[in-house]
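Working notes, beginning with the structure itself.
Every chain is numbered from 1, with letters handed out A, B, ... down the list of sequences.
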Amino acid sequence: MKHFSSFWKRYPLISRLFVLCAVILAYGWALQGLKVDLKLLKDSWPYVTDFILRLWPPNLEILDIAILRLIETIQMSLWGTTIGAILSLPIAVFSARNLAPGWLQLLANLLQNAVRSVPSIVLGLLFVAATGLGAPAGTLALGIYTIGYLGKFYQEAIESVDPRSIESLQVSGASWLQIAQYGILPQVLPLGLGYTLYMFEYNIRAASVLGVVGAGGIGFELVNYIRGFEYTKATTMMLVLLVVVTLIDALSSKLRQRLEAM
Amino acid sequence: MAIECENLETPYSASLRRPILNGISCKIKSGEFVALLGLNGAGKSTLLRAMVGLVPLQQGILRINGVAMTRNRASRREVGMLFQGGGLIRQLPAIENVLCGRLGMLPAWQTLWGFPKRDRRLAIDLLAQFGLKDQADQKTGQLSGGQQQRVAIARALIQNPQILLADEPITGLDIMAAKQVMDILSDLHSQKGMTIVVVLHDLSLASAYAERAIVLDAGRIVYDGACHNLQSQFTRSN
C-alpha cells in the first residue's frame, strides 16, 4: 500500500490520466445503461417544440384561481416545514456525536435515513390514502419529508458547536439544560434558522409536485389543466409559481445572509 | 493544600503509544502561582483539564482543597478555568458570557428566563474592572482576542473561585494584550491570594510571573521547582 501511494506521488501525470480514464469509463457505463436512442431523440424534437408552442400565451383568466392555489401551497409549505422542524429537533439532538450516546445516535440516524429514503410523492400517496384528497395530506407529507433533511442539517449544526465553549460551561458547573440553552442554542440558532428557511423555500416546490397525487396545492390544478389539454392555463400556473419561488428565494437568501453574519 | 495529584494516569493513547498522563504526582499550595511547561504533547493541557474533571482518569487521586475531584457540579465550583482562545460563546453578548459563570450556582428553572439582577450587576462590575463596560452588550465574536480573554477571565471570576487554571491564555494575542492578561493573573494572585496554575510556552514569561515551574515531558514531571534558570532546566529535560 505504501509503495502504491509513493508511485502515485512520483508519477502525477500517470495518476491524473488514470483518474480521467476512470471518470470517462464511469460516465460511459452510466450512458449505456440509459439505452439512449439518438434517432428517436432527433425525431421527437418537432413534438417538443409543438408542445412548447401550445403553452403560449398564458391564459390570465384563471389568475385568481392560480393565486388562491398558490396561497394554499405556501400555507402547506409553512405548516409542513414547521411540523418537520419541530420533529427534527429531538432527532437531531439524539443523533449528534457530541451530545448523545452511541446507541441512541445509531437509532436516530437509522430513523433519519429511513425517512429520507422515502420520496415525497410516496408520502403524498400515503397521506392521501389516509386523510383523503387535499392540502392536509400534502402538509403531513411535507412535514415527514422535512424531517429527513432538517434532522441531518440540525445534527450537523449541533456537531459544529465549538467544544471548548461547551467545556467551559461544564467547568462552571452548568446542568445539561443550561448547557443546551446558553451553549448550544445560541451557536446553532443562526445556522438552524437558515436551513429552515431554505427548507421552506424548497417545500414550496415540493408541494407543487405533491399536487400531482392529489395532495393539494398548485400542482393539483396544474396537472388537471395538462391532462385536460388546457396548456395556456397550465402556463399561467407555472408563471405564478415561478414569480413566487423567485421572490421567496431572494427574500430567504437575504435573511440567510443576515443570519450567517450573526 | 489547594491541589493534590497522586499518581495520575489517563487511559492508553494509541497514537502516543502511552498514556497522555503517565504517573503525575504533585502538590500545589494555596496562593501559589505555578507555570506548567513542556513541549507539545507533553500533557500540560491534559493535566489542567483533568484538574476540572474534563479528562477521565485511569488511576490516581486528585484532590481540590482536600476533597476528591468528581464529575459532579459542586466539586467544580471552587475552580475556574480559562481556555485557549477564551472558550466563549461568540454569538452571545459579553455580559451573557460572563453570567454563564454563574450557571453552576443557579438552578436550571431560574436561568430559563435569564439571570437575576444582582448577578447582572456583578457581571457589569467585573467587565468594568477589566475596561469592558462599554462592550458589555456587544457580541463576543466582535471583540478583539485580548478583550475576549478578559471576558473569559471575568466569567471565571464571577464563579468566585479559589483556584484559577489557565490553558495557554495568551496564545494568539499581541504583546500588549498578552501582558495585560498576565498582569491580571498576577494581580489576582498577589492581591486576592488566588491559586493560579497556567500553561505557558514562553519561559521568560514563566520566570517573570510564576513562583514555581512544573516541567512535563511524555506525561511525566521532569522538573518541579523554582522558576529561575528555567532555560537550562528545559535543555536538560530534552
B:Leu106 side chain reached by B:Asp119 side chain, heavy atoms, under 4.5 Å
yes
For B:Leu112, which atoms come within 4.5 Å of any heavy atom of chain A: side chain, backbone, both, or neither?
both
At what distance, to the nearest 0.5 angstrom, does CG of A:Asn203 lie from CD1 of A:Ile74?
12.5 Å
Check each atom of B:Arg90 against the heavy atoms of chain A and say whether the ones under 4.5 Å are side chain, backbone, both or neither.
neither
Honestly, the part of B:Leu88 sitting under 4.5 Å from a heavy atom of chain A is backbone
When the 4.5 angstrom heavy-atom criterion is applied to A:Gln181 and chain B, the contacting part is side chain
Under a 4.0 Å threshold between the charged nitrogen and the carboxylate oxygen, would A:Arg69 count as salt-bridged to A:Glu72?
yes
Is any side-chain heavy atom of B:Gln58 closer than 4.5 Å to a side-chain heavy atom of B:Pro19?
no
State the CD1-CG distance between B:Ile28 and B:Leu36, to the nearest 0.5 angstrom.
6.5 Å
Can you tell which part of B:Glu96 gets under 4.5 Å to a heavy atom of chain A, answering side chain, backbone, both or neither?
side chain
Heavy-atom cut-off 4.5 Å, strictly under: side chain, backbone, both or neither for B:Arg102 against chain A?
neither
